[in-house]
Asks: 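The structure that follows is given in the form of structure tokens.
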Amino acid sequence: MENFEIARTLRELAVLLEIQGANPFRVRAYRNAVQTINGLTRSLASMLEAGEDLTALPDVGKNVASHIQELVETGKLQRIEEITSEFPRDLVTLVRLDGVGPKKARRLWDELGVATVDQLEAAVADGRVAGLDGFGQRSASKILDSIRELRSQTGRILRSQAEEILEPLLAHLREADGVERVEVAGSFRRRKETIGDLDILAQAETGAEEIIGHFVRYPGVERVTGAGDTKGSVVLRSGIAVDLRVLPRRSFGAALQYFTGSKEHNVSTRIIGVRRGLRLNEWGVFRIPEDADPEGLGKEEGERIGGETEEEMYAALDLPWIDPALRENRGEIEAAREGTLPELVTVGDIRGELHMHSTWSDGKLSIAEMVEACRARGCEYACITDHTPAVGVAGGLTPEDVHAQWEEVAALEPTLGDFQIFRGLEVDILRDGALDMTDEVLAELDFVIVSVHGFMDQDKVTMTDRVIRAIQNPNVDLLAHPTGRLLGRREPYAIDMDAVLLAAAEAGVAVEINCNPRRLDLSDVHALRARELGIPIALNTDAHSVRDLDFLRFGVDQARRAWLSADQILNARSATEFRRWLDRRSGVAA
DNA sequence: GCCGTTTTCGGCCCGACTGTTTTCAGTCG
């Protein structure tokens with residue numbers, strides 16, 4: 001059983017326990033464990049197989065460890081079977097509805113016998129829900145809205161799509177009277193690859209209510225789901241939910257820190273605060289008076305230590321500012337305390353483009369045009385890496401085509417000054433792990449990329465063996481888009497990435513973070529693992545047109561989430577250093 | 001259920017908004 005399946009099952013157990021009315025801290029303990037599992041860079045099954053003690057993991061104790069073992073061994077959890085003899089397992093889907101939590105789900109079952117979304121819809125329609133104590137007409141119609149929403153759910157959007165949605169919305173907000181500053185917080189600021197909803201903060205000393213009013217009148221708003229003194233919530237026609245909070249200058253840094261999250265990062269920072277007698281909230285950081293009743297404190301009571309900037313919030317905990325990309329509670333707080341936070345890679349660090357296509361295969365532009373676009377973006381070198389014939393739609397290069405292409409490159413080179421072109425190829429990994437090009441040609445190339453484009457439905461063992469066989473070919477330099485995923489469209493193919501990364505480290509092969517916002521493949525967690533293993537990472541746009549070269553920033557964001565600095569990025573090297581790396585197998589240099 | 005610069009028991013982050021309550025529970029992030 002894969003980590004994500006184990007995490008999903010434990011998350012479901014947490015909801016079931018909540019519906020059962022269990023101790024909320026017990027429920028939270030399971031959620032904390034899920035968080036740990038989601039951040040793991042290795043599979044739990046392989047850790048168990050290696051005889052490792054899972055209780056060494058944070059928030060995993062004896063109980064959760066034995067649950068994990070049971071799941072790996074049997075694929076099921078006895079504990080869930082027991083609970084679902086009390087009430088139907090379907091209730092967990094009711095909890096996913098807006099406005100229905102564990103308490104209400106339980107009452108819907110106990111008092112109306114409602115277990116499924118369909119049954120709930122019927123119960124709303126015939127008035128039974130509105131008749132329940134504590135429900136009423138308004139909550140009934142709200143539930144109906146949520147059901148419609150759930151059924152038409154568009155899910156998470158790409159970060160590139162979020163950028164498009166934000167641009168006009170932020171412009172609208174900046175027009176509101178009294179708004180001094182607007183920032184996007186949440187997962188967008190943490191540079192996540194997909195965005196579930198948008199959190200926006202506006203700075204204003206007065207007139208918050210009017211600003212909220214201006215916000216909910218934005219032309220793109222489909223409906224308003226909440227509008228209070230300091231907070232407004234809407235759903236846009238694009239289906240994405242947006243929250244706006246309005247805060248004064250003295251609290252803006254506190255709010256930015258608070259609403260950037262992640263939730264888990266915030267819980268950790270606040271616990272550190274509590275131990276020091278400090279209270280952190282979106283209004284600032286406050287010293288709790290010795291004799292105060294913590295329950296009776298107002299939101300801004302106590303001595304204000306800071307809140308205008310994020311730096312003040314972290315400084316109150318004796319920590320340096322932490323880059324939002326790292327705020328996932330994956331050890332960044334410890335690293336901040338020890339002064340070992342990485343200096344994260346930036347777009348400006350990238351000096352070469354290693355993966356791009358031309359009209360020789362499925363690219364839109366000639367080699368000369370692509371190279372010129374790279375130079376215009378400040379690159380010092382580029383690799384031309386067109387497809388091979390097995391990628392049918394792409395019009396791949398035969399060995400003869402490859403040699404003809406080199407003539408074109410050779411004719412171009414004298415016109416380029418110091419700019420260097422490396423002769424490359426994106427070679428298809430065939431069904432059995434053989435490569436779609438002769439070894440003779442591969443040996444002549446400067447730079448060999450391999451990647452999977454077909455037969456993606458192979459089982460995990462076959463696919464893993466196939467890819468490992470490919471990267472063990474001594475001519476191979478880089479594995480591209482290693483899991484084949486397309487965000488929101490196609491799941492990663494079945495592959496044991498830990499085994500693949502170990503093989504890449506062994507073979508001295510680099511691995512790509514494909515910068516296309518729909519790929520971003522490797523994921524942050526796999527890139528973290530590659531970093532642990534010391535594998536060079538390439539940030540590649542896989543450009544098929546000039547516009548695609550701008551994808552670089554998405555890959556840089558992904559690399560930053562994986563704690564990567566410039567010295568771990570293959571194409572942050574100079575052309576000379578890159579060439580030296582390409583010669584690594586020649587025995588000349590270590 | 002987990003955890004330990006207050007510790008192996010007794011804590012565990014914090015506030016806004018909504019709806020239905022007439023003083024607050026539930027939900028959400």
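Residue numbers start from 1 in every chain, and the chains themselves are labelled A, B, ... in the order their sequence lines are given, proteins ahead of strands.
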Asks: Please work out if A:Thr230 contacts a base, only the sugar-phosphate, or nothing of the nucleic acid, heavy-atom cut-off 4.0 Å.
Replies: sugar-phosphate

Asks: Which nucleotide, if any, forms a Watson-Crick or G-U wobble pair with B:dT8, using both distances under 3.5 Å?
Replies: none

Asks: Where the side chain of A:Arg138 is concerned, which of B:dC28, B:dG15, B:dG19 is the nearest nucleotide?
Replies: B:dG19

Asks: When you compare B:dT22 with B:dC17, how far apart are their P atoms, in angstrom units rounded to a whole number?
Replies: 23 Å

Asks: Using a heavy-atom cut-off of 4.0 Å across all strands, would you classify A:Asp229 as base, sugar-phosphate, or nothing?
Replies: sugar-phosphate

Asks: Please list, for nucleotides 10-12 of chain B, all pairs of protein and nucleotide N/O atoms separated by less than 3.5 Å.
Replies:
none

Asks: Between B:dC2 and B:dT8, how far is it from one C1' atom to the other, in whole Å?
Replies: 12 Å

Asks: Say you pick atom C1' in B:dG15 and the same atom in B:dC9; how far apart are they, in whole Å?
Replies: 29 Å

Asks: Pick base, sugar-phosphate or nothing for A:Tyr30, based on heavy-atom distances below 4.0 Å to the nucleic acid.
Replies: sugar-phosphate

Asks: Using the P atom as the reference point in each nucleotide, state the distance between B:dT6 and B:dG11 in Å, no decimals.
Replies: 15 Å

Asks: In a check of salt bridge (charged side-chain N to carboxylate O under 4.0 Å, His left out) between A:Asp524 and each of A:Arg190, A:Arg330, A:Lys192, A:Arg191, which one passes?
Replies: A:Arg330

Asks: Is the backbone of A:Ile333 close enough, under 3.5 Å, to the side chain of A:Arg337 for a donor and an acceptor to pair up by distance?
Replies: no

Asks: Could you tell me how far B:dT20 sits from B:dG26 if I compare only their C1' atoms? Round to whole Å.
Replies: 11 Å

Asks: What contact category does A:Pro24 fall into here, base, sugar-phosphate, or nothing, at under 4.0 angstrom with non-hydrogen atoms?
Replies: nothing

Asks: Base, sugar-phosphate alone, or nothing: which one does A:Ala227 contact when heavy atoms must sit under 4.0 Å apart?
Replies: sugar-phosphate

Asks: Kindly confirm or rule out a cation-pi arrangement of A:Arg181 over A:Phe252, judged by NZ or CZ under 6.0 Å from the six-membered ring centre and within 45° of its axis?
Replies: no

Asks: Compare the minimum distances between each of B:dG15, B:dT6, B:dG29 and the side chain of A:Arg275, then state the nucleotide with the smallest one.
Replies: B:dT6

Asks: With a 4.0 Å limit, can you tell me whether A:Trp283 has a side-chain N or O closer than that to the phosphate oxygens OP1/OP2 of B:dA16?
Replies: yes

Asks: Within the structure shown, what part of the strands sits under 4.0 Å from A:Leu17 by heavy-atom distance: base, sugar-phosphate, or nothing?
Replies: nothing

Asks: Between B:dG1 and A:Arg31, is there an OP1 or OP2 to side-chain N/O distance shorter than 4.0 Å?
Replies: no

Asks: Find the distance A:Phe259:CZ to B:dC28:P and express it as a whole number of Å.
Replies: 16 Å

Asks: Listed in order of residue number, which residues of residues 61-70 of chain A have a non-hydrogen atom at under 4.0 Å from DNA chain B?
Replies: A:Gly61, A:Lys62, A:Asn63, A:Val64

Asks: Determine the Euclidean distance between corresponding P atoms of B:dT18 and B:dC12; express it in Å to zero decimal places.
Replies: 29 Å

Asks: Regarding A:Asp90 and A:Thr116, do their side chains bring together a donor and an acceptor under 3.5 Å, going by distance alone?
Replies: no

Asks: Side chains of A:Asn329 and A:Ser268: is there a donor and an acceptor less than 3.5 Å apart?
Replies: yes

Asks: What are the atom names and distances for every N/O pair under 3.5 Å that joins the protein to nucleotides 22-26 of chain B?
Replies:
none

Asks: Kindly point out which of B:dG1, B:dA16, B:dG29 is positioned nearest to the side chain of A:Arg26?
Replies: B:dG1

